[in-house]
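Report on the structure given below.
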Amino acid sequence: MTPEKLLQSIAKIAAKEKIAVYAVGGFVRDRILERECKDIDVVVDGSGVAFAKKALVPLKAEHEVFFEDFDTARMQVGEYTVEFAGARKETYDPKSRKPKVERVQNIAEDLARRDFTINAIIMHIDKEHFGEYLDPFDGQGDIERKIIRTPLEPAVTFSDDPLRMLRAIRFAAQLGFGIDGITLRGINKEAERIKIISWERVRDELLKMLTVAKPSEALNTLLNTGLLAYLLPEVAVLHGVEFVGG
């Protein structure tokens, strides 16, 4: 099954249920970049969990998991991992490690709360408009320019989820992109906020950085933005120290 066929099957279920659904996020970004992607994110203009339960049997899905508190469901459909999520936004209290999830009124609000413009592109999957993009923050332009940029002011985007500062650096390293100057300064300014993120989430991003072609570039950016001092202070203090072999 191709991803297009899978999305068309999802669109048929949505039409039957009279619910609007769209592909979004990394799948859409990678489709534009002509990169293979086996993870498909679907945003639902309604309840993601409720729609996923309707889709289980028609899609012949397996290994389904429901995250009721986040209105998100994940399932395996053949070789693809599909995640359904209701249109929402997540914000962190300044002193909390647990995000607060809020339902938004429309898809445009959902896109605004996403991490970067390249991940804030929606693809229509209904029969009439299949493959058309909704791109309010010029994510396609940033893909062409090879730039990582936040859809809103960096302080807002990074305050909503400080892990996004690490994701910016990881995406830049993975894709061979640069980080927009305003976004980079935003990381530097908000670096201390990374302390509220659980070590498990931080660890996962760091491990992904180490698998890119040039992990040294990611590590240099971590150092230059001040993030390394909060994540691995023992490593940060070694910068500039000359090593003399014995």
Side-chain angles (χ1 to χ4, degrees), residues 2-11 14-15 19-46 48 51 71-72 80-91 102-161 163-165 167-187:
T2 65
E4 287 76 13
K5 289 290 186 182
L6 174 53
L7 288 172
Q8 288 164 2
S9 297
I10 293 170
I19 294 174
V21 299
Y22 310 86
V24 70
F27 171 79
V28 178
R29 178 198 69 230
D30 287 348
R31 186 174 190 266
I32 295 170
L33 286 167
E34 298 182 345
R35 290 161 50 102
E36 184 180 41
C37 184
K38 296 295 180 69
D39 296 319
I40 299 178
D41 292 331
V42 177
V43 63
V44 180
D45 196 2
F51 181 80
D71 193 26
T72 300
Y80 301 99
T81 300
V82 185
E83 184 166 294
F84 296 94
R88 69 191 195 277
K89 63 180 180 180
E90 299 174 9
T91 57
E102 299 177 22
R103 182 73 60 85
V104 297
Q105 297 300 312
N106 54 58
I107 296 296
E109 285 186 71
D110 177 276
L111 292 181
R113 65 91 186 169
R114 291 182 179 269
D115 52 7
F116 309 111
T117 60
I118 64 171
N119 295 331
I121 307 169
I122 267 182
M123 188 180 95
H124 290 270
I125 64 173
D126 60 282
K127 185 176 181 180
E128 185 176 358
H129 300 287
F130 190 91
E132 294 180 14
Y133 297 121
L134 174 63
D135 183 13
F137 301 103
D138 194 27
Q140 293 174 90
D142 285 340
I143 288 173
E144 185 175 343
R145 292 184 287 269
K146 296 187 175 182
I147 287 292
I148 303 296
R149 180 171 62 90
T150 56
L152 303 178
E153 288 293 323
V156 175
T157 297
F158 296 144
S159 179
D160 283 351
D161 184 353
L163 188 73
R164 290 169 172 174
M165 294 185 285
R167 285 170 59 82
I169 296 169
R170 191 251 297 176
F171 277 128
Q174 278 183 333
L175 300 174
F177 283 19
I179 301 177
D180 166 71
I182 294 174
T183 301
L184 199 59
R185 289 191 291 274
I187 295 174

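For reference, positions follow the sequence shown, starting with 1.
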Counting only pairs under 3.5 Å, give me each side-chain donor-acceptor contact of residues 116-123, with atom names and distances, residues two or more places apart or in other chains.
from   : atom 1 : to     : atom 2 : distance (Å)
Thr117 : OG1    : Asp142 : OD2    : 2.6
Asn119 : OD1    : Arg29  : NH1    : 2.7
Asn119 : ND2    : Asp115 : OD1    : 3.1

CE (Met165) and OG1 (Thr150) are apart, to the nearest 0.5 Å, by 12.0 Å

In a table with atom names and distances, give each donor-acceptor pair under 3.5 Å that connects a side chain of residues 31-40 to protein atoms at least two apart or in another chain.
from  : atom 1 : to     : atom 2 : distance (Å)
Arg31 : NH1    : Tyr133 : OH     : 2.9
Arg35 : NE     : Asp30  : OD1    : 3.4
Lys38 : NZ     : Glu79  : OE1    : 2.8

How far apart are the closest heavy atoms of Ile10 and Ile125, and which atoms are they?
-> CG2-CD1, 4.1 Å

How many angstroms lie between atom CD1 of Ile187 and atom CD1 of Ile182, to the nearest 0.5 angstrom?
-> 12.5 Å

Side-chain contact, heavy-atom cut-off 4.5 Å: Val24 with Arg114?
-> yes

How long is the gap from CZ on Arg164 to CD1 on Ile148, to the nearest 0.5 Å?
-> 13.5 Å

Rounded to the nearest 0.5 Å, what separation is found between the CZ atom of Arg149 and the OG1 atom of Thr157?
-> 10.5 Å

For Phe158, all residues meeting ring-ring contact (aromatic ring centres under 6.0 Å, His included), sequence neighbours excluded | none

Identify, with sequence neighbours excluded, every residue that meets salt bridge (Lys or Arg N to Asp or Glu O under 4.0 Å) alongside Arg170.
-> Glu205

Who passes ring-ring contact (aromatic ring centres under 6.0 Å, His included) against Tyr22, sequence neighbours left out?
-> His124

Could you tell me the separation between the CD atom of Gln8 and the CD atom of Glu4, rounded to the nearest 0.5 Å?
-> 7.5 Å

What is the minimum heavy-atom distance between Thr183 and Pro154, and which atoms define it?
-> CA-CG, 3.8 Å

Any donor-acceptor pair under 3.5 Å from Asp71 side chain to Gly48 backbone = yes

Pairs where residues 120-137 contributes a residue and the test salt bridge (Lys or Arg N to Asp or Glu O under 4.0 Å) is met, not counting sequence neighbours = none

